[in-house]
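Hydrogens, waters and symmetry mates play no part in the numbers below; they use all other heavy atoms, side chains included. All figures in this text were calculated on a predicted structure; none of them were measured in a lab.
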Amino acid sequence: MLLERLRAIVGSAHVITDPLTMRSYTTDWTGRWQGEAAAVVRPATTEEVSTAVAACYDRRIPITAQGGNTGLVGGAIPAAGSIVLSTRRLNSMDTIDPIGRTIAAGAGVTVAEADDAASKHGLRFGIDLASRDSATLGGIVATNAGGIRMVRHGNTRAQLLGVEAVLSDGAVLSRWSPLVKDNVGYDLPGLLAGSEGTLAIVTKVLMKLTTPAPETQVVLAGVGTIAAALGLCDRMRRHGLTIEAAEIMTAEGVTLVCSHSDARDPFAQPSPLYALLEISSPGNTEAAVLEVLSQLADTMDDAVVEPGPARKLWQIRESHTECISRASSTPVVKLDVAVPLPAMSKFIAALEAALAAEFSEVTPILFGHFADGNIHVNILDVPPDVSDAITGRVFEIVAAHHGSISAEHGIGRAKKSWITLGRSPVDIRLMKQIKSTLDPRSILNPDVLLPLAPADSAHT
Ligand code: 2HG
Ligand code: ZN
């Protein structure tokens with residue numbers, strides 16, 4: 001029997017079947033996605049992962065890999081009868097190479113732990129996100145996470161040099177080279193980045209590290225329009241300054257955060273939009289930032305500047321997810337979208353108008369990494385029977401503006417019905433062919449990402 005076999009592989013203490021203990025693995029952070037599993041398995045080594053996966057392969061039992069369970073699209077939530085393979089015990093911090101500027105670590109190491117380890121060598125981990133204390137390296141690879149430093153260092157795929165990963169039959173792929181120039185064949189680590197646990201289970205990662213700016217200044221600017229916020233970024237760049245982060249919030253979002261946390265709005269009068277920029281430069285950043293702000297004074301309602309890390313200013317932005325969750329009467333509908341920068345103002349206007357006219361009972365809050373074109377559309381108080389209609393409507397507006405229905409959180413379960421809005425039939429066919437080559441028995445997270453026809457699914 002499978003559970004006996006799994007107990008023999010990882011030890012009885014690490015095969016969880018108690019429904020109450022399993023709940024934190026089968027329910028997502030938002031409470032919107034709830035699954036069921038036959039068991040949660042917690043291997044501690046790649047060999048244990050490999051043997052456990054091979055046991056599932058032999059019996060055609062589906063496996064959902066899960067890191068910190070911080071995802072927002074149900075991508076790590078299992079379908080009934082699945083095994084959840086938790087990667088959290090794969091938490092070895094293997095090597096920091098301060099000369100090559102790389103980190104090698106287990107998939108269960110968190111983003112915060114990776115950053116702490118890099119900081120001891122005067123370096124930083126290039127991905128940062130509000131869930132840094134729980135999100136794992138395996139999870140950020142599986143979702144190709146972007147986060148708040150994407151504008152500066154690129155997404156996870158851009159920083160991924162190598163992976164060790166277990167394939168669906170238990171074979172171990174080790175594409176492990178710190179070389180930044182290495183063109184021997186297909187980019188398999190790049191393929192696994194963003195594959196949402198559907199192609200292989202990442203057990204170790206080899207990633208680039210970054211050099212921190214010696215000093216940063218954090219600007220919170222109250223602006224009336226997206227065009228003014230983009231203009232601020234543009235002028236900072238033209239002035240020779242580097243944008244380390246560029247976030248946008250709305251008056252409604254800032255008010256909500258201030259009433260559900262101890263954050264406070266530093267402005268005397270609320271502004272329609274709040275642009276939060278973190279800026280660095282090789283010289284006197286503060287003087288240069290103040291100069292740009294004075295040149296653009298007539299495009300802003302108000303502005304404050306504080307030396308980084310300026311945690312109080314960042315708290316306003318980073319508390320959005322939690323405060324929104326607390327404020328909504330139903331699980332929040334979270335739609336993480338991107339649009340081309342020139343289309344962003346029109347997109348937001350069209351979205352706000354459609355939601356107000358067609359779904360007047362809901363409360364939308366928009367925020368996000370605007371310099372990357374990424375807006376997190378959070379919709380509160382959505383009656384459960386309306387969530388699909390509202391999702392479809394938002395995605396229709398995204399598609400009409402040539403945007404993406406998934407900027408950084410992935411497709412998961414939440415968006416797979418709409419994947420045709422983001423990819424052509426030929427593209428989807430090719431992705432399915434890749435899936436069936438790497439996972440011929442369709443046991444790796446079979447219910448996420450690609451809309452499989454029932455006949456395609458070998459385990460049913
Ligand atoms: C962020 O940018 C995360 O804080 C979460 O991607 C976004 O809660 C969200 O919708
Ligand atoms: Zn985000």
Side-chain angles (χ1 to χ4, degrees), residues 27-34 70-74 130-131 220 222-226 229 247-265 267 269-276 301 315-339 344-370 374-398 400-401 403 405-409 412 414-415 418:
T27 308
D28 84 326
W29 184 89
T30 65
R32 184 161 178 224
W33 302 102
Q34 291 170 13
T70 59
L72 296 171
V73 291
S131 55
L220 184 71
V223 290
T225 61
I226 287 284
E247 301 288 321
I248 199 86
M249 299 172 279
T250 62
E252 294 75 17
V254 171
T255 306
L256 183 147
V257 165
C258 293
S259 59
H260 285 83
S261 70
D262 61 0
R264 57 167 210 93
D265 182 346
F267 301 149
Q269 293 297 323
S271 188
L273 295 170
Y274 292 67
L276 181 72
D301 300 332
Q315 183 198 355
I316 307 171
R317 163 62 180 87
E318 294 208 316
S319 304
H320 266 64
T321 301
E322 262 184 60
C323 292
I324 284 170
S325 233
R326 250 178 256 151
S328 180
S329 57
T330 53
V332 182
V333 172
K334 289 185 165 283
L335 305 173
D336 157 49
V337 306
V339 289
M344 192 179 274
S345 302
K346 280 196 173 147
F347 162 71
I348 291 178
L351 179 69
E352 288 178 340
L355 292 179
E358 298 162 37
F359 301 94
S360 55
E361 70 274 40
V362 308
T363 314
I365 300 281
L366 310 189
F367 60 99
H369 321 285
F370 79 105
N374 182 185
I375 299 291
H376 294 311
V377 179
N378 276 227
I379 313 176
L380 295 72
D381 308 324
V382 180
D385 57 334
V386 173
S387 63
D388 276 1
I390 208 161
T391 300
R393 185 71 181 103
V394 172
F395 288 166
E396 216 174 83
I397 301 167
V398 169
H401 290 81
I405 62 166
S406 172
E408 58 174 6
H409 297 165
K415 300 179 178 177
W418 291 275

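- Taking CD of E252 as the reference point, atom CG of L380 lies at 11.5 Å (rounded to 0.5 Å).
- Residue T30 comes nearest to P331 through the heavy atom pair O-CB, 4.1 Å, listed as atom of the first residue, atom of the second, then distance.
- In this structure the side chain of K415 reaches within 4.5 angstrom of the side chain of V73, judged on heavy atoms.
- For the side chain to side chain contact (heavy atoms under 4.5 Å, CB included) with I379, the qualifying choice from T363, V332, L335 is L335, the only one to do so.
- For F267 against L220, the heavy-atom pair with the smallest separation is CZ-O, 3.4 Å.
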Residues T391, W418; criterion side-chain contact (heavy atoms from CB on, under 4.5 Å); working and verdict: CA-CA 9 Å; T391 300; W418 291 275; 3.6 Å; yes
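- Between the OG atom in S319 and the CZ atom in R326 there is a gap of 8.0 Å [rounded to 0.5 Å].
- Taking the side chain as every heavy atom from C-beta outward, R317 and V257 never approach each other to under 4.5 Å.
- Looking only at side-chain heavy atoms (C-beta outward), D381 and E361 stay at 4.5 Å or farther from each other.
- How far CD of E318 is from SG of C323: 12.0 Å, rounded to the nearest 0.5 Å.
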Criterion side-chain contact (heavy atoms from CB on, under 4.5 Å) on E352 and L366, from CA distance to verdict: CA-CA 10 Å; E352 288 178 340; L366 310 189; 4.0 Å; yes
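- The six-membered or imidazole ring of H376 lies away from that of H320, with a centre-to-centre distance of 6.0 Å or more.
- W29 has its side chain within reach of E322: a pair of non-hydrogen atoms, C-beta onward, lies under 4.5 Å apart.
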Residue pair Q34, D28: steps toward the side-chain hydrogen bond (donor to acceptor under 3.5 Å, both in side chains) verdict: CA-CA 7 Å; Q34 291 170 13; D28 84 326; over 6 Å; no
Derivation of the side-chain contact (heavy atoms from CB on, under 4.5 Å) call for V377 and I365: CA-CA 6 Å; V377 179; I365 300 281; over 6 Å; no
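- Between the side chain of T330 and the backbone N or O of V382 there is at least one donor-acceptor pair closer than 3.5 Å.
- Side-chain contact between I316 and D265: absent, with no pair of heavy atoms (C-beta onward) separated by less than 4.5 Å.
- For the pair I226 and L273, the minimum side-chain heavy-atom distance is below 4.5 Å.
- The closest side-chain heavy-atom distance from L351 to V394 is below 4.5 Å.
- Going from atom OG of S387 over to atom CZ of F359 covers 10.0 Å, rounded to the nearest 0.5 Å.
- A donor-acceptor pair is defined here as one N or O able to donate and one able to accept, closer than 3.5 Å; no such pair exists between the side chain of S360 and the backbone of A356.
- The NZ atom of K334 lies 9.5 Å from the CG atom of D336; values are rounded to the nearest 0.5 Å.
- Looking at every heavy atom in both residues, V337 comes nearest to F347 through CG2-CZ, 3.8 Å.
- Remark: of the listed residues N378, T250, I324, I324 is the sole one forming a side chain to side chain contact (heavy atoms under 4.5 Å, CB included) with L256.
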From CA spacing to verdict: ring pair (Phe, Tyr, Trp, His ring centres under 6.0 Å), F367, Y274: CA-CA 9 Å; F367 60 99; Y274 292 67; over 10 Å; no
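- The shortest side-chain heavy-atom distance between F370 and L276 does not fall under the 4.5 Å cut-off.
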From CA spacing to verdict: side-chain contact (heavy atoms from CB on, under 4.5 Å), L355, I390: CA-CA 8 Å; L355 292 179; I390 208 161; 3.8 Å; yes
